[in-house]
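Some notes on the structure that comes next.
Computed over heavy atoms, backbone and side chain alike; hydrogens, waters and symmetry mates excluded. Whatever order the structure lists ligands and atoms in, that order sets their numbers, starting from 1. The model shown is predicted, which means the values in this text are computed figures rather than measured ones.
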Amino acid sequence: MQTDERGALADQYGVLIDGTERASSSGETIDVFDPATGDQLTTVAAATEGDVNEAVDVAGDGFEEWRGYTPAKRCRILNDVARAIRDDHERFARIETLENGKPISEARGQVTRAARHFEYYGGLADKVEGESIPLDDDHVDYTIREPLGVTGHIVPWNVPIYLFARSVAPALAAGNAAVIKPAEETPIGAIELTKLLHENGVPEAAVNVVPGDGAEAGAALSGNPDIGTITFTGSTVTGREVGKAAIENLTEPHLELGGKSPLVVYEDGDLDVAVEETVKGIFATNTGQVCSASSRVVVHEDASDEYVEKLVSAVEDLSIGPGLDDHDVGPLASASHMEKVAEYLDVGREEVGDPVTGGRVLDRDGYYVEPTVFADVPQDARILQEEVFGPVLTVSTFADEAEAIQRANDVDYGLVAGVITTDMGRAHRFARDVDAGQIYVNEWFAGGNETPFGGFKDSGVGRENGTQAIHNYTQIKNVCLDISN
Ligand code: NAD
């Protein structure tokens with residue numbers, strides 16, 4: 001068991017309901033492992049359906065208290081939370097690296113983003129405004145944006161602290177109370193962040209955490225009839241189930257799902273930039289475990305040989321190792337996920353032959369897979385169509401702009417897409433014609449907390465981030481008065 005010196009982890013974690021951390025009602029626990037070594041880090045309670053229902057009930061009380069605060073007070077508290085995250089930055093970064101495996105410098109960046117999210121939505125908490133609607137001289141009409149009540153948040157394991165903040169911060173800013181179900185692999189950040197929210201003035205009943213199994217605790221949360229909305233971030237398969245449960249409850253879900261996002265490299269583009277952005281987009285960020293990873297490169301046939309040569313050289317320079325040692329590429333997040341990625345390496349070999357670099361699971365403790373590039377991949381290959389969610393890239397070629405767009409669009413997903421070109425007409429045509437929620441030009445992962453994020457097609461429903469995300473957590477009430485006498 002790892003202890004304090006590795007990041008102030010407790011020996012065990014519980015469900016966190018109404019500010020009290022306790023065992024689950026069944027006494028069941030889930031072991032949490034360090035992906036860098038495969039050693040056990042700690043254990044966490046596995047919430048039952050009863051625990052989840054209790055958390056939702058408690059959050060109902062928390063909602064009454066929190067919505068009673070003035071917007072200005074909620075604004076100050078959420079800004080205090082942002083400051084407290086920054087003050088405790090290194091501890092949260094170590095937690096993220098310990099439970100997820102990512103390089104510590106990347107974890108620091110994600111914790112900064114989480115703090116920024118509380119700051120950003122804290123700044124909006126007193127700006128959730130309605131409208132005045134002109135009707136005629138005899139009426140006054142206006143709208144009020146009201147909170148939804150208790151909001152549910154189901155979070156995946158790839159960026160656990162930031163993705164908690166991404167939906168919980170706007171939900172709280174709008175006056176809601178929250179129940180969070182973190183992923184089995186990465187529950188600690190959610191529990192510690194919730195304690196910090198309580199310490200900084202958010203009522204204990206207003207934020208509750210129910211760690212546990214997705215099929216039990218996650219399904220209990222998404223199926224609970226007393227939640228006003230569910231924000232789910234995770235796989236498309238699970239997202240469909242969560243969406244069905246939400247519609248059954250007649251609530252609107254926000255589904256942030258998977259991707260298989262294309263980076264199109266034109267022959268007029270800067271190939272060094274293309275290589276740098278590819279490496280960042282699929283290998284050197286969370287070992288490719290990113291929904292918006294640049295997992296498919298589509299390169300002009302005249303530039304393909306030079307691009308692949310430069311890419312292979314850059315990939316082979318990447319260091320692989322434990323996140324706390326801050327290598328370029330960390331381990332995958334779990335043993336089961338490493339097995340899934342390894343299966344895709346076999347699929348790729350069967351479909352297109354040996355990769356041009358990488359392709360091995362490393363023979364060492366922890367969950368390490370080499371950054372891998374498959375070249376000349378046909379459009380219908382599974383390795384090109386399906387989300388691997390690891391350090392595995394496909395490269396295919398195109399002859400003209402029409403084929404580039406056709407290949408970019410020819411998958412079920414539509415989360416993000418990028419283009420490398422110096423021709424701005426081409427860049428705008430790409431932005432117009434490609435079906436994706438975000439378009440990046442000459443830089444992967446462009447934009448930030450302030451820019452709307454979400455998917456077309458099978459990549460999801462709704463948008464996170466930016467000013468409009470606060471509206472995910474409100475409903476409009478129209479008020480009309482007859483003032484004729
Ligand atoms: P997953 O769907 O297996 O799990 C996500 C969460 O859902 C976990 O907390 C899990 O416990 C829970 N869950 C599992 N079964 C459930 C059920 N039946 N009902 C309710 N909840 C359930 O996804 P994952 O493999 O953990 O995460 C990786 C996926 O997440 C990838 O597809 C990735 O692209 C996607 N993702 C999307 C975004 C985005 O913003 N679009 C961000 C990060 C990750």
Strictly below 4.0 Å, N to O, side chains only: are [X] and [Y] in salt-bridge contact?
X      : Y      : value
Arg113 : Glu96  : no
Arg116 : Glu119 : yes
Glu21  : Lys195 : yes
Asp412 : Lys260 : no
Lys102 : Glu99  : no
Lys280 : Glu106 : no
Asp410 : Arg407 : no

**Gap between atom CG of Leu78 and atom CG of Asn200 - 0.5 Å precision** = 10.0 Å
**Request:** First locate atom OG of Ser167, then atom NE2 of His153, and finally report the distance between them rounded to the nearest 0.5 Å.
**Result:** 5.0 Å
Please confirm whether [X] comes within less than 3.5 Å of ligand 1 when only nitrogen or oxygen atoms on both sides are compared.
X      : answer
Thr238 : yes
Val242 : no
Leu257 : yes
Ser222 : no

For [atom], the protein heavy atom that lies nearest, with its residue and separation:
atom                    : result
atom 25 (O) of ligand 1 : Trp157 NE1, 3.5 Å
atom 21 (N) of ligand 1 : Gly218 CA, 3.5 Å
atom 33 (C) of ligand 1 : Phe389 CE1, 3.2 Å
atom 6 (C) of ligand 1  : Ile154 CG2, 3.6 Å
atom 36 (N) of ligand 1 : Cys291 CB, 3.5 Å
atom 35 (C) of ligand 1 : Gly234 O, 3.1 Å
atom 1 (P) of ligand 1  : Ser235 OG, 3.6 Å
atom 14 (C) of ligand 1 : Gly214 CA, 3.5 Å

**Item:** Residue pairs, two or more places apart or on separate chains, that pass side chain to side chain donor-acceptor pair (under 3.5 Å) and touch residues 214-226
**Value:** Asn53-Asn224
Heavy-atom gap [X] to ligand 1 smaller than 4.0 Å:
X      : answer
Leu163 : yes
Glu184 : yes
Ala217 : no

**Fill in**
Note: Glu256, heavy atoms under 4.0 Å from ligand 1, region reported as both
**Fill in**
Candidates Glu185, Lys260, Arg463, Glu387; heavy atom nearest atom 34 (O) of ligand 1 found on Glu387
Could you tell me which atoms of ligand 1, counted from 1 in the order shown, lie closer than 4.0 angstrom to a heavy atom of [X]?
X      : answer
Arg166 : 39 (C), 40 (O)
Ala219 : 19 (N), 20 (C)
Thr233 : 5 (C), 37 (C), 38 (C), 39 (C), 40 (O), 42 (C), 43 (C)
Phe453 : 40 (O)
Asn158 : 43 (C), 44 (C)
Val155 : 6 (C), 8 (C), 9 (O)
Pro182 : 9 (O)

**Request:** Describe, in one word, how the ring planes of Tyr162 and His117 are oriented to each other, choosing from parallel (under 30°), tilted (30 to 60°) and perpendicular (over 60°).
**Result:** perpendicular
**Message:** Checking side-chain polar atoms at under 3.5 Å, does Tyr473 have a donor or acceptor matched by the opposite partner on Thr231?
**Reply:** yes
**Item:** Short side-chain donor-acceptor distance under 3.5 Å, Asp51 and Ser25
**Value:** yes
**Prompt:** Restricting to pairs with a member in residues 377-395, which pass salt bridge (Lys or Arg N to Asp or Glu O under 4.0 Å), not counting sequence neighbours?
**Reply:** Arg382-Glu386
